[in-house]
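Here's the structure we're looking at; comments come further down.
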Amino acid sequence: MKKKVLILLLIFMILALFLVLITLVFKRTSLNSEEFINILEKNEFEVKNIIREYNYNFVKDAYLGKSSDNWNIEFLILDNDEHAKELFNNFHKEYRNFNERKSFTIIYGLNYNVFTLTTSNYYMYISRINNTLIYVKSNKKYKEDIKETVKMLGY
């Protein structure tokens, strides 16, 4: 009887350790405003605060990064994860309904979501980590530059 209890306890501890490791490996870390600005400015983006463009109480901060090639990336900080999830879902539902030929991917992680859409003319990238979102909609020719920038940001 004691042997069965010890085996069950050992199995439970192994599962708990496994879950902790999975959480650490598959969780992403969100940026704050200062980190977003610093990373983009080091890569020759012009960054400006655009919070006035958002008339929602749940948007706490918003920035626009403009690349030297003239494509933009937006960074939003929301008041909580639920509002970020809601905004992410609204964005990707809107763009999935594009009428032109397209391919898209949606990823749901532990504390993040990613949506990409490629059409004949556009590339869009939306990513949420915790209560933050980044959003890009640009000419398809900048797709690789966007991917590289998103990777630098960790989104």
Side-chain angles (χ1 to χ4, degrees), residues 13-98 100 102-119 121-155:
M13 289 173 56
I14 290 170
L15 285 173
L17 180 62
F18 181 71
L19 289 173
V20 167
L21 289 174
I22 286 177
T23 301
L24 292 175
V25 170
F26 294 108
K27 274 185 116 174
R28 294 187 179 178
T29 304
S30 56
L31 297 176
N32 61 38
S33 300
E34 188 176 307
E35 292 167 324
F36 176 80
I37 293 166
N38 288 339
I39 291 169
L40 287 188
E41 285 180 343
K42 284 179 185 173
N43 288 280
E44 300 181 12
F45 279 74
E46 178 186 324
V47 182
K48 67 178 183 175
N49 188 297
I50 57 168
I51 189 65
R52 292 177 188 219
E53 294 180 21
Y54 288 91
N55 295 323
Y56 306 106
N57 290 335
F58 58 86
V59 178
K60 297 302 176 192
D61 216 351
Y63 288 87
L64 176 77
K66 187 175 204 155
S67 77
S68 56
D69 290 327
N70 223 21
W71 60 268
N72 299 327
I73 183 168
E74 289 189 33
F75 176 72
L76 305 175
I77 298 178
L78 292 95
D79 62 352
N80 61 50
D81 292 8
E82 290 309 311
H83 280 133
K85 288 176 188 175
E86 193 176 309
L87 192 56
F88 173 86
N89 288 329
N90 289 342
F91 273 138
H92 93 70
K93 284 177 187 172
E94 178 182 335
Y95 290 117
R96 276 177 48 182
N97 294 326
F98 246 52
E100 63 181 280
K102 62 189 176 254
S103 67
F104 65 88
T105 60
I106 302 173
I107 300 169
Y108 291 94
L110 289 174
N111 68 329
Y112 68 93
N113 309 101
V114 177
F115 171 76
T116 63
L117 173 72
T118 305
T119 70
N121 296 314
Y122 293 103
Y123 178 69
M124 293 166 223
Y125 188 96
I126 305 163
S127 180
R128 177 198 70 84
I129 301 177
N130 299 322
N131 67 324
T132 64
L133 242 82
I134 62 166
Y135 164 76
V136 180
K137 178 183 175 190
S138 186
N139 188 299
K140 185 178 166 183
K141 70 181 179 180
Y142 300 118
K143 180 177 180 176
E144 294 308 313
D145 293 338
I146 293 165
K147 286 179 165 184
E148 186 178 313
T149 301
V150 164
K151 187 176 181 178
M152 268 189 313
L153 294 168
Y155 278 75

Point to revise | Donor-acceptor pair, side chain of Y142 and main chain of D69, under 3.5 angstrom | key: yes
Practice item. For the pair E94 (side chain) and F91 (backbone), establish whether a donor and an acceptor sit closer than 3.5 Å, ignoring hydrogens and angles. Key: no
So do the side chains of [X] and [Y] get within less than 4.5 Å of each other, counting heavy atoms only?
X: S67; Y: T149; value: no
X: I73; Y: F36; value: yes
X: K147; Y: Y123; value: yes
X: T118; Y: K140; value: yes

To the nearest 0.5 angstrom, please state how far the [atom1] atom of [X] sits from the [atom2] atom of [Y].
X: I50; Y: L76; atom1: CD1; atom2: CG; value: 6.5 Å
X: K137; Y: L117; atom1: NZ; atom2: CG; value: 9.5 Å
X: K48; Y: N72; atom1: NZ; atom2: CG; value: 8.5 Å
X: L133; Y: E86; atom1: CG; atom2: CD; value: 11.5 Å
X: D145; Y: K143; atom1: CG; atom2: NZ; value: 12.5 Å
X: I146; Y: K141; atom1: CD1; atom2: NZ; value: 11.5 Å

Which donor-acceptor pairs under 3.5 Å do side chains of residues 107-114 form with protein atoms, sequence neighbours excluded?
from: Y108; atom 1: OH; to: H92; atom 2: NE2; distance (Å): 3.4
from: N111; atom 1: OD1; to: R28; atom 2: N; distance (Å): 3.0
from: N111; atom 1: ND2; to: R28; atom 2: O; distance (Å): 2.6
from: N111; atom 1: ND2; to: N130; atom 2: OD1; distance (Å): 3.1
from: N113; atom 1: OD1; to: R128; atom 2: NE; distance (Å): 2.5
from: N113; atom 1: OD1; to: R128; atom 2: NH2; distance (Å): 3.0

Point to revise | Flag if over 12 foreign heavy atoms under 6.0 Å of CD, E46 | key: no
Review point. Should the heavy atoms of other residues, nucleotides or ligands under 6.0 Å from CD of E35 be counted, would the total exceed 12?
Key: yes
Review point. What class does the angle between the rings of F45 and W71 fall in, given that below 30° is parallel, 30 to 60° is tilted and above 60° is perpendicular?
Key: perpendicular
Check your understanding: Where does the angle between the aromatic ring planes of F75 and Y155 fall among parallel (under 30°), tilted (30 to 60°) and perpendicular (over 60°)?
Key -> perpendicular
Check your understanding: Where do N57 and D79 land on the side chain to side chain contact (heavy atoms under 4.5 Å, CB included) test, with the steps shown first?
Key -> CA-CA 8 Å; N57 290 335; D79 62 352; over 6 Å; no
Exercise for review: Search all heavy atoms of A84 against all heavy atoms of T132 and return the closest pair with its distance.
Suggested key: CB-N, 4.4 Å
Practice item. Indicate the atoms forming the closest heavy-atom contact of D61 with S33, along with that distance. Key: OD2-OG, 3.0 Å
Exercise for review: Not counting sequence neighbours, which residues clear salt bridge (Lys or Arg N to Asp or Glu O under 4.0 Å) with E82? List them please.
Suggested key: K85
Check your understanding: Considering the options N131, V59, I51, which one meets the side-chain contact (heavy atoms from CB on, under 4.5 Å) requirement together with I77?
Key -> N131
Point to revise | Criterion side chain to side chain contact (heavy atoms under 4.5 Å, CB included) on L31 and L153, from CA distance to verdict | key: CA-CA 8 Å; L31 297 176; L153 294 168; 3.7 Å; yes
